[in-house]
Chemist: 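For reference, the structure I am asking about is given below.
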Amino acid sequence: MSAATRPSKLFKNLNAKIASIPMILTALCVFVGGTTWTVVYSFTDSKLLPRLRFVGIEQYERLWASQRWIVSIENLAIYGILSLVFSLVIGFLLAALLDQKIRFEDTFRTIFLYPFALSFIVTGLVWQWILNPQFGVQGIVRGLGWESFSFDPLYNADIVIYGIMIAGLWQGTGLVMCLMLAGLRGIDEDIWKAARVDGIPMWKTYLFIVIPMMRPVFITTLVIIASGIVKLYDLVVAQTGGGPGNASEVPAKYVYEFMFRAQNLGQGFAASTMMLLTVAIIVVPWAYLEFGRRR
Amino acid sequence: TDLEVTHWWTSGGEAAAVAEFAKAFDATGNKWVDGAIAGSGDTARPIMISRITGGDPMGATQFNHGRQAEELVQEGLMRDLTDLATKEEWAKLINPPTLLQNCTLDGKIYCVPVNIHSWQWIWLSNKAFADAGVPVPTNWDEFVAAAPALEKAGKVPLALGKQAWQESGALNVLMAAIVGPETFLKVYKDKDETVAAGADIAKVFKAADDARKMAVNSNVQNWNEATAMVINGQAGGQIMGDWAQGEFQVAGQVAGKDYTCLPGLGLNAVIATGGDAFYFPKVDNADISAAQETLAHVMLSPETQVAFNLKKGSLPVRGDVDLTAANDCMKKGLEILAAGKTMQWTDELISPDTTQQMNDLMAEFFSTPTITPEDAQKRFAEIIAKAD
Amino acid sequence: MTSVLVRDVSLNFGTVEVLKALNLDVPEGEFLVLLGPSGCGKSTLLNCIAGLLDVSAGQIFIKNKNVTWEEPKDRGIGMVFQSYALYPQMTVKGNLSFGLKNAGVAKDEIEKRIARTSEILQIGPLLERKPSQLSGGQRQRVAIGRALVRDVDVFLFDEPLSNLDAKLRSELRVEIKRLHQRLANTMIYVTHDQIEAMTLADRIAVMKGGVIQQLDAPQAIYNRPVNRFVAGFLGSPAMNFLDGELAAGPSFKIGATAVPLARYTFDGSASRIGPAVLGIRPEHIAFGDAAKASPFSQQVEVELVEPMGSDTLVWTRLGSQNLSFRVEAEKPLTVGDKVLIGFDPARASIFDSTAGNRI
Amino acid sequence: MTSVLVRDVSLNFGTVEVLKALNLDVPEGEFLVLLGPSGCGKSTLLNCIAGLLDVSAGQIFIKNKNVTWEEPKDRGIGMVFQSYALYPQMTVKGNLSFGLKNAGVAKDEIEKRIARTSEILQIGPLLERKPSQLSGGQRQRVAIGRALVRDVDVFLFDEPLSNLDAKLRSELRVEIKRLHQRLANTMIYVTHDQIEAMTLADRIAVMKGGVIQQLDAPQAIYNRPVNRFVAGFLGSPAMNFLDGELAAGPSFKIGATAVPLARYTFDGSASRIGPAVLGIRPEHIAFGDAAKASPFSQQVEVELVEPMGSDTLVWTRLGSQNLSFRVEAEKPLTVGDKVLIGFDPARASIFDSTAGNRI
Amino acid sequence: MSNPATLAATVAGADAIAAELGGPSGPRPRVTFSRRNIILYGTLIFAAIYYLIPLYVMVVTSLKGMPEIRLGNIFSPPIEITFEPWVKAWATACTGLNCDGLSRGFWNSVRITVPSVVLSIAIASVNGYALANWRFKGADLFFTILIFGAFIPYQVMIYPIVIMLREIGLYGSLTGLVIVHSIFGMPILTLLFRNYFSSLPEELFKAARVDGAGFWGIYLRIMLPMSLPIFVVAVILQVTGIWNDFLFGVVYTRPDTYPMTVQLNNIVNSTQGVKEYNVNMAATIITGLVPLAIYFISGKLFVRGIAAGAVKG
Ligand SMILES: Nc1ncnc2c1ncn2[C@@H]1O[C@H](COP(=O)(O)OP(=O)(O)OP(=O)(O)O)[C@@H](O)[C@H]1O
Ligand SMILES: Nc1ncnc2c1ncn2[C@@H]1O[C@H](COP(=O)(O)OP(=O)(O)OP(=O)(O)O)[C@@H](O)[C@H]1O
Ligand SMILES: [Mg+2]
Ligand SMILES: [Mg+2]
């Protein structure tokens with residue numbers, strides 16, 4: 001009975017490793033490599049083309065001195081927080097309503113979900129039009145005789161971001177509803193029965209029992225929405241182009257404009273690095289909770 | 001040979017003009033592959049630059065000459081046209097000579113200017129003023145004075161697309177017209193911040209404030225939609241470059257009868273000689289190189305120049321072409337050009353980065369009534385101080 | 001006095017009739033067990049009584065009050081679920097008090113009831129814990145507490161122990177029995193475990209396909225099952241069934257062997273001639289000397305021995321049919337041994353071979 | 001001859017040591033049962049033997065060949081899983097032939113083996129069905145067939161019956177036992193059901209916390225458990241444990257009562273004085289006349305009666321400690337009855353009260 | 001078949017009480033227009049209207065002529081239905097000199113979407129499978145990086161990817177774009193597949209290993225046939241994502257391979273004089289038709305797949 005030798009660790013699961021090469025390459029080259037590259041060049045004064053002429057944190061100083069960047073950040077914060085709250089609330093409400101064993105559930109669900117199939121470009125265009133003061137809602141209401149009615153979010157710098165949010169919610173709540181519905185369907189049937197026997201009203205059951213139980217679903221949803229919010233770009237471009245003025249500017253657009261229009265790559269990279277940092281602040285704790293704890 | 005040409009000329013007049021290039025080029029036995037990208041130069045340029053830096057260059061591409069392509073040239077990505085230029089003696093043909101200078105870097109020529117565009121125009125709708133019962137103004141001040149009457153008649157006095165480049169363009173036009181080319185150059189060429197903060201420029205910002213008030217009800221984005229408002233008499237006028245003329249032409253309007261144009265806003269008839277130029281990225285393929293040369297040649301040929309510029313509403317780059325067919329407004333331009341009353345424009349003077357900051361400022365100014373002209377001027381001076 | 005009365009209750013899910021005009025009458029203080037295989041409608045019946053499902057037809061009375069259309073909370077019932085269904089993010093105390101708070105019970109009354117309940121169930125030290133910090137048995141106790149604290153007349157249990165391991169199950173079984181002895185409430189208890197049913201029930205209702213097959217005291221059901229289904233469902237190791245022929249005499253012929261049925265008490269007036277099935281429980285088969293004394297005995301060969309610790313199950317054949325019998329653990333039998341077995345036909349059950357009813 | 005040999009095998013999940021330098025030696029043809037509570041590492045050990053988990057230390061031999069680093073398929077093992085793990089999209093036939101095809105067995109050979117297997121397990125008529133069209137018992141049989149068809153030396157079963165209901169479980173138990181008698185292969189069988197362990201095993205390895213507590217024949221483990229854990233884990237109803245004091249004599253004092261230990265065989269040389277625990281199984285406690293004949297007897301009061309059909313469990317108290325004993329179903333005892341009970345100390349087990357080892 | 005004696009007694013007792021009490025029997029009466037139903041369906045219908053309005057506006061507008069649009073009311077149904085805008089949007093709308101509408105872009109989109117969807121799903125499902133069933137050292141690290149990648153704004157990566165594609169000589173080719181889509185689809189899809197495969201019983205995987213199937217054997221023969229729901233989700237997500245993509249399409253292709261969205265943008269933004277809203281809307285609907293169709297066809301499977309792959313716990 002001679003002891004067989006332990007095979008080399010490298011060749012264990014060799015097939016799995018080979019199959020994971022695309023993933024490893026993507027992770028290393030594209031995500032790590034690309035990110036590092038971006039961060040490094042954010043410390044240079046690259047203009048149209050990337051050049052390694054380091055200027056320290058000058059780009060960052062300029063970034064935070066820029067009114068436009070501040071507006072972008074504010075807008076993203078307002079949009080982000082409100083659309084997080086609203087899409088969770090609306091998504092959950094719709095899911096809860098659909099969960100009442102109603103008729104035509106499929107129809108309603110399809111109606112709520114279909115905007116998700118459309119691109120932001122399409123969404124932006126349609127809502128731009130609906131919110132157009134001449135043809136859209138304001139025009140109609142005024143046409144009905146209410147002359148002083150005013151609803152022109154896309155042309156009013158103070159509320160333009162809410163106009164964008166209306167469109168964003170229209171497109172995004174369907175998916176949230178879907179996730180919530182899946183979560184609700186995963187709740188043990190007996191919990192509902194127990195709550196009914198205990199005589200707990202429906203809304204209390206949702207609020208105090210079901211929602212806390214759906215924590216993981218909420219977290220997953222939150223992360224999905226958040227990742228979308230950070231990337232907010234197409235919708236703004238299609239709906240307002242950042243206007244009126246710079247009132248609906250968002251960071252992703254700032255990055256794009258500085259990299260390509262202003263031909264100031266360094267500035268664009270600095271802005272993207274700030275975005276990455278924000279993302280890291282959101283994602284790392286989540287990733288830790290989600291994947292770190294389990295292994 | 002197929003040659004892909006990218007540009008951002010997609011509005012009615014522009015497209016008609018491009019068609020002339022394509023026709024002339026196709027006639028040489030090559031094929032013009034059109035790569036139009038809609039949504040103004042701001043959208044198109046990044047794509048063009050990525051293509052060139054990404055190693056998949058097009059055959060030729062439009063840029064505004066000036067500093068937009070500077071780095072691409074420095075990086076050696078653009079083809080050197082000096083040989084062709086010497087052979088065809090562009091230096092003699094092209095007028096004013098600054099056009100060719102703008103294509104030159106370290107003594108080498110890298111682009112073909114195709115037209116002269118000037119920003120300093122205001123386009124007025126004769127119909128709108130007739131409706132309002134006031135005479136068509138002859139300069140900016142009269143225009144401002146006529147605004148209340150227009151408003152009363154349910155018109156928008158000033159049509160202005162809500163895009164930053166239009167707004168900052170309007171400011172620059174006002175500046176050139178109100179304070180004259182010298183002060184303009186002090187600000188933009190010498191980057192003299194005391195001038196920028198001074199009393200002269202304060203007048204300009206006051207005028208911009210007027211413009212802002214007059215344009216409050218102008219709910220359009222693209223410049224040609226604003227032009228459309230002038231064309232159909234909804235708006236009194238629009239500050240826009242001479243490319244707007246193409247739109248009037250496509251709409252079948254006649255200069256002097258249906259619309260009026262005032263170079264230099266009727267105050268200071270000087271025009272800038274900016275314009276469009278074509279660059280030819282370096283390629284390995286000999287066929288394409290040959291086609292590039294052909295295109296460069298075709299673009300400068302007298303017939304093409306006439307046909308193109310008539311459609312486009314811009315001025316030809318050669319002084320030796322016959323433009324009898326030109327309309328009222330073009331003739332005004334040609335006269336100013338002939339008189340040598342030209343000046344440099346911001347494209348040549350400040351970097352895109354500074355332009356962007358200007359744009360940001362003006363976008364904010366025009367959309368935020370609470371920003372006073374004084375505030376805006378102060379920030380303007382700061383930008384000029386740091387400009388490059 | 002009748003505590004729960006189910007009258008002609010039917011229930012359909014779509015076109016499937018799950019309960020078929022079912023009648024049930026549970027006297028005050030009785031421990032009734034609903035026993036049956038999976039899918040027979042036990043939970044459905046319980047849910048109907050609780051008001052969690054709307055009956056399709058029929059009436060339900062609790063404490064002589066027609067509650068057919070009442071909400072669950074107004075029926076005076078408490079329910080314990082298989083999956084415990086504790087509110088996971090509330091403490092044990094929160095779980096116990098949530099229903100009371102909603103019913104608007106005064107604060108000190110709530111405290112008092114929780115104190116009493118936790119004393120009965122000995123969950124005092126657990127009050128501040130969350131369900132996830134409890135063991136299976138403790139969770140089950142809290143689930144019972146949640147019903148207990150509401151001071152209800154009728155307790156409904158839906159397989160409350162089936163998620164637990166065997167050891168805990170037998171412990172909690174005893175606890176539930178003690179609880180019933182102490183509270184003397186009416187309890188209706190659903191299970192598919194016949195040991196649980198036998199040990200807990202005052203009466204057992206054996207269900208199959210939405211119909212109650214037999215409703216009687218455990219020993220009666222065990223010893224005199226009304227049909228072959230009930231006979232086979234109760235008892236572990238299971239009853240032996242031997243196919244054969246009822247003959248005059250009366251006797252039961254299994255191949256060449258005849259079992260004399262003089263001591264068997266026939267039921268009703270069914271035909272006593274023709275093919276039939278004889279059922280006999282493994283523990284009613286004697287062997288060795290005891291077999292000799294039996295009215296019927298036979299020499300057989302041991303085929304398989306299953307020691308189960310406390311006793312041993314021995315498999316053999318009678319004619320060509322499998323037969324098992326139980327012997328004490330100490331009796332050493334090995335495969336191939338020839339032994340004499342026998343049983344008293346009075347303890348057997350005979351069923352007709354088509355419908356399976358007791359003869 | 002040794003069929004499976006596990007030598008000093010350890011296994012860690014991260015920092016948790018699930019198996020601790022475990023040794024096991026299974027002779028050819030033996031039916032070994034791994035028995036233990038949930039989470040004790042039974043499945044882990046089985047997976048190590050199958051090669052589905054890499055051991056952290058130690059070696060595994062199958063048929064005297066070191067297979068520590070072999071792939072599962074090369075170890076000559078077949079495995080049957082708790083959840084059946086049938087490939088849902090393949091027919092039964094596809095399930096059976098999948099492994100053979102992977103091994104490149106010729107077509108007609110595959111046919112032959114499937115024919116033989118389906119004859120042994122009587123699944124011939126099911127061959128063309130999908131697993132979803134099978135009942136639980138049939139699925140289990142197919143799962144066994146999948147191991148059988150591969151003609152392996154060692155069968156590994158991981159709780160193959162625990163998803164089935166009690167009735168089916170006891171039927172399939174008998175089938176597996178018959179299968180073993182017929183094939184005479186080595187079988188290693190994991191379960192936490194002690195009845196299964198007792199009935200099936202040639203030897204049982206009782207595990208706890210990754211360590212084998214006792215490895216012996218079923219009756220030996222049942223009657224002479226090496227520690228309190230093993231004693232409590234086997235047997236249902238569970239063994240009674242009575243706290244008390246070992247005194248000279250030797251005798252065992254429970255409060256005022258003394259149990260004479262003259263007939264008890266002590267183990268080893270542990271101290272025979274001081275606090276200890278006496279364990280006695282319910283079925284070893286006699287009552288009534290039989291109790292009088294016992295070396296120890298005592299008058300007690302009945303507190304609770306649990307009829308279980310075949311017999312009845314009676315709960316009472318000795319001193320202040322709970323005690324249960326088993327009586328035949330016919331003996332009518334009711335709560336409050338005073339009875340005499342007694343047992344033979346030779347059948348009891350005594351454990352030290354701290355470590356719990358047998359004294 | 002109940003014990004006759006017991007049952008008879010029961011029923012007799014029951015009758016006595018029932019005679020006394022009578023009262024409700026059978027199912028609880030259901031009011032169709034109960035307050036609950038009115039609120040429930042009212043809210044749902046109200047919400048449905050909000051979600052449907054844009055679609056309605058798009059369709060209605062696309063069927064109107066320009067004169068009618070200038071009249072103003074976007075909500076009024078067309079007086080005279082015309083399909084001309086559709087024809088124009090599909091076949092003749094101009095961008096620069098190209099006047100072939102969306103038709104070219106449609107086929108480009110198909111040529112981009114199909115291989116991208118197939119490739120990205122193929123890669124991601126294998127990754128997810130490897131991560132769920134064949135954990136090797138470091139796999140989790142790569143996976144975490146990958147997930148982080150899901151949050152990186154695309155703008156950040158445009159430039160580095162331009163350089164990478166240039167270096168491997170794929171810039172501007174369809175292959176390059178397909179690779180880009182696969183890369184950016186990978187994080188979310190891998191997460192979905194990993195979650196799904198881990199939710200499948202591990203014993204199945206073990207059984208297959210004992211049966212001698214290898215990495216690919218198990219993937220192809222065991223895992224794939226069981227993964228329909230998650231594949232549906234992946235296909236839906238990828239088709240909509242890639243079909244609707246604008247940024248990559250415009251940056252990494254050339255005009256003759258522009259996808260539909262880029263052409264849509266060109267058409268919408270190259271206004272020749274007045275904005276032709278009807279054509280724009282028709283173009284918009286045509287562009288959205290493919291993903292919409294997929295949703296309407298497989299919406300039910302989508303929810304099921306989401307439940308299986310995305311939402312755990
Ligand atoms: N919501 C439902 N819709 C349709 N059929 C149902 C529904 N709930 C239960 N059934 C069917 O009703 C029958 C009885 O179900 P029930 O849950 O009462 O069985 P059970 O006796 O409790 O079984 P178990 O022991 O498995 O809990 C089953 O055949 C089941 O398929
Ligand atoms: N993949 C894993 N990672 C970490 N710990 C594990 C893993 N698998 C099992 N364990 C731990 O190892 C211990 C033994 O698990 P194992 O599955 O062998 O128990 P078992 O005896 O088979 O229990 P059961 O009867 O519940 O199947 C448990 O405590 C479990 O938590
Ligand atoms: Mg049930
Ligand atoms: Mg296990």
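Reminder, nothing fancy here: chain letters follow the sequence lines and each chain counts from 1.
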Chemist: Looking at A143(C), A50(C), G78(C), A85(C), which has the largest count of heavy-atom pairs under 4.5 Å with chain A?
Modeler: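 Among A143(C), A50(C), G78(C), A85(C), the one with the most close pairs to chain A is A85(C).
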Chemist: What heavy-atom pair brings V217(A) and G183(A) nearest, and what distance separates the two atoms?
Modeler: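 V217(A) and G183(A) have their closest heavy atoms at CG2-CA, 3.8 Å.
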Chemist: Using atom types as modelled and no hydrogens or angles, find all donor-acceptor pairs between chain A and chain C shorter than 3.5 Å.
Modeler:
residue: D188(A); atom: OD2; partner: S83(C); partner atom: OG; Å: 2.6
residue: D190(A); atom: OD2; partner: S83(C); partner atom: OG; Å: 3.0
residue: R196(A); atom: NH2; partner: G51(C); partner atom: O; Å: 3.3
residue: V197(A); atom: O; partner: R150(C); partner atom: NH1; Å: 3.3
residue: V197(A); atom: O; partner: R150(C); partner atom: NH2; Å: 3.1
residue: D198(A); atom: OD2; partner: Y87(C); partner atom: OH; Å: 3.0
residue: K204(A); atom: NZ; partner: N102(C); partner atom: OD1; Å: 2.7
residue: F208(A); atom: O; partner: Q89(C); partner atom: NE2; Å: 2.4

Chemist: What distance separates L34(C) CG from L24(C) CG, expressed to the nearest 0.5 Å?
Modeler: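 One gets 6.5 Å once the value is rounded to the nearest 0.5 Å.
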Chemist: Taking the side chain as C-beta and beyond, is there a heavy-atom pair between M214(A) and I211(A) under 4.5 Å?
Modeler: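 In short, these two side chains do not touch, never coming nearer than 4.5 Å.
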Chemist: At their closest point, which heavy atom of S248(A) faces which heavy atom of V236(A), and how far apart are they?
Modeler: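 So the minimum-distance heavy-atom pair works out to O-CG1, 3.2 Å.
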Chemist: So, S20(A) side chain and M23(A) main chain: donor-acceptor pair closer than 3.5 Å or not?
Modeler: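 Answer holds: no.
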Chemist: With a 6.0 Å cut-off (strictly less than), is the heavy-atom count around CZ of F218(A), excluding the residue itself, greater than 12?
Modeler: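 Result for CZ/F218(A): enclosed.
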Chemist: Please give me the minimum heavy-atom distance between V230(A) and A252(A), naming the atom from each residue.
Modeler: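 Minimum heavy-atom contact is O-CB, 4.3 Å.
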Chemist: If you check every heavy atom in residues 168-177 of chain A against those of chain C, which residues fall under 4.5 Å?
Modeler: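 Checking residues 168-177 of chain A against chain C gives no residue, so none.
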Chemist: Might you point out which heavy atoms bring G145(C) and L96(C) nearest each other, and give the distance in Å?
Modeler: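 In terms of heavy atoms, the two residues are closest at C-CD2, 3.4 Å.
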Chemist: If I compare all heavy atoms of G51(C) with all of P72(C), which pair ends up nearest, and what's the gap?
Modeler: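 Heavy-atom minimum between the residues: O-CG, 3.6 Å.
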Chemist: Can you say whether L156(C) sits under 4.5 Å from chain A via the side chain, the backbone, both, or neither, judging by heavy atoms?
Modeler: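 When you check distances to chain A, no heavy atom of L156(C) falls under 4.5 Å.
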Chemist: How about M180(A) and D99(A): do any of their side-chain heavy atoms sit closer than 4.5 Å?
Modeler: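 Not in contact.
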